[in-house]
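Beneath this line is the structure, given in structure tokens, with notes to follow.
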Amino acid sequence: MSADLKVFIDLLKQDLQTLSQLEDVLQQERDSLEQSDIETLQRIIEYKLPLLQQIESHARTRTQWVSQTGLPIDRFLSLLKEKAPPVMKLYRQCESSLANIHKLNEVNGRIIARSQQRTTKMMQIIRGQSQQMQLYGKNGAEKSVGEGQAIAQA
């Protein structure tokens, strides 16, 4: 194994460690979101930012390293698979971890969106704004239920 490939391997190993930490942080974030624990959420965000910056920095370094080989990425990956299966395994573990992080982040995003919707509805109730259901009238235009719609016509 060349010394150059060792740099790539070290970056992958560091990324696996950082990605694992980020997965844990995202799970903690989910728990805090579900419990509406704002103080813990703020601490989590402060901890999460450096992890994201580190992952981004390593991604740039890996991209630069691969570009210095002069090989297209798909050729480089096929060579890894062929000549260095353990390195390819590390790479696949990083990909898998990133996919899991993406899923966790989407779940957290949906929790935040639901929370925002609930808050908006509560604020409308507090302000006395009615949330009437919208239906389509005979002309195809939306009308609020109870907005002067005749029950019968003479």
Side-chain angles (χ1 to χ4, degrees), residues 1-136 141-142 144-145:
M1 169 183 1
S2 75
D4 287 340
L5 190 55
K6 176 92 171 87
V7 170
F8 187 76
I9 292 169
D10 289 344
L11 286 170
L12 289 175
K13 287 180 179 178
Q14 290 171 12
D15 276 349
L16 279 174
Q17 194 172 39
T18 306
L19 291 168
S20 176
Q21 291 173 347
L22 184 57
E23 285 180 78
D24 292 342
V25 167
L26 288 172
Q27 186 57 52
Q28 292 171 17
E29 183 179 57
R30 178 181 179 173
D31 295 341
S32 295
L33 286 167
E34 288 173 342
Q35 298 169 7
S36 298
D37 185 353
I38 303 303
E39 290 175 18
T40 302
L41 270 173
Q42 288 175 333
R43 285 193 302 272
I44 288 170
I45 290 169
E46 290 171 9
Y47 185 72
K48 186 169 68 169
L49 185 60
L51 292 174
L52 294 170
Q53 290 170 336
Q54 186 176 9
I55 291 167
E56 183 181 1
S57 171
H58 284 179
R60 276 194 309 269
T61 304
R62 273 194 326 274
T63 301
Q64 289 171 350
W65 187 90
V66 171
S67 69
Q68 288 173 356
T69 66
L71 297 170
I73 188 70
D74 25 335
R75 177 70 180 133
F76 173 75
L77 292 176
S78 70
L79 280 174
L80 275 184
K81 186 177 181 180
E82 187 180 310
K83 306 282 184 187
V87 179
M88 187 60 169
K89 182 179 177 183
L90 282 174
Y91 181 81
R92 294 288 184 223
Q93 288 173 332
C94 282
E95 281 185 329
S96 175
S97 187
L98 278 170
N100 190 43
I101 284 170
H102 181 72
K103 288 177 189 173
L104 290 170
N105 196 48
E106 283 182 342
V107 168
N108 289 354
R110 284 193 298 270
I111 292 171
I112 290 169
R114 267 196 323 263
S115 177
Q116 287 174 331
Q117 289 171 347
R118 276 194 310 266
T119 302
T120 299
K121 286 180 183 179
M122 283 184 190
M123 292 305 294
Q124 287 173 338
I125 291 169
I126 290 171
R127 291 181 186 134
Q129 298 169 332
S130 69
Q131 264 307 96
Q132 294 182 341
M133 191 178 341
Q134 299 288 317
L135 295 177
Y136 292 102
E142 279 189 6
S144 293
V145 173

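The ring of Phe76 has its center closer than 6.0 angstrom to the ring center of Phe8.
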Item checked: side chain to side chain contact (heavy atoms under 4.5 Å, CB included) assessment of Gln93 paired with Leu90 -> CA-CA 5 Å; Gln93 288 173 332; Leu90 282 174; 3.5 Å; yes
Checklist line | CA sep, side-chain torsions, deciding dist, call: Leu52, Lys48, side chain to side chain contact (heavy atoms under 4.5 Å, CB included) | finding: CA-CA 6 Å; Leu52 294 170; Lys48 186 169 68 169; 4.0 Å; yes
Note to self: Run Glu29 and Ser32 through side chain to side chain contact (heavy atoms under 4.5 Å, CB included) and show every step you take.
What the structure shows: CA-CA 5 Å; Glu29 183 179 57; Ser32 295; 5.7 Å; no
Checklist line | Leu19 vs Ile55, side chain to side chain contact (heavy atoms under 4.5 Å, CB included): CA-CA, chis, key distance, verdict | finding: CA-CA 8 Å; Leu19 291 168; Ile55 291 167; 3.5 Å; yes
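Side-chain atoms of Ser115 never come within 3.5 Å of backbone atoms of Ile111 as a donor-acceptor pair (strictly under, hydrogens ignored). At least one donor-acceptor pair closer than 3.5 Å links the side chain of Thr61 to the backbone N or O of Ser57. Between the Asn108 side chain and the Leu26 main chain, a donor and an acceptor come within less than 3.5 Å of each other. Between the side chain of Trp65 and the backbone N or O of Asp4, at least one donor-acceptor pair lies under 3.5 Å. With hydrogens and angles disregarded, a donor-acceptor distance shorter than 3.5 Å links the side chain of Ser67 to the backbone of Gln64. No donor-acceptor pair closer than 3.5 Å links the side chain of Ser96 to the backbone N or O of Arg92. A donor-acceptor pair under 3.5 Å is absent between the side-chain atoms of Ser20 and the main chain of Leu16, judged by distance alone.
In this structure, the separation between OH on Tyr91 and CG on Leu11 is 13.0 Å, given to the nearest 0.5 Å. One distance of note links CG of Leu51 with CD1 of Ile101; it measures 9.0 Å at 0.5 Å rounding. Put simply, CG on Asp31 and CD on Gln28 are 7.5 Å apart, with the number rounded to the nearest 0.5 Å.
Between Leu5 and Leu80, some side-chain heavy-atom pair lies under the 4.5 Å cut-off. His58 is listed as a side-chain neighbour of Gln54, based on a closest heavy-atom distance under 4.5 Å. Between Met123 and Thr120 the shortest side-chain heavy-atom distance does not fall below 4.5 Å. Residues His102 and Leu98 form no side-chain contact, since every pair of their non-hydrogen atoms from C-beta on lies 4.5 Å or further apart.
For Arg43, the side chain to side chain contact (heavy atoms under 4.5 Å, CB included) partners are Glu39, Thr40, not counting sequence neighbours.
With respect to the salt-bridge test (charged N to carboxylate O, under 4.0 angstrom), the residues Glu106 and Lys103 do not qualify.
Atom CD of Glu34 sits in a crowded spot, with more than 12 heavy atoms from other residues, nucleotides or ligands closer than 6.0 Å.
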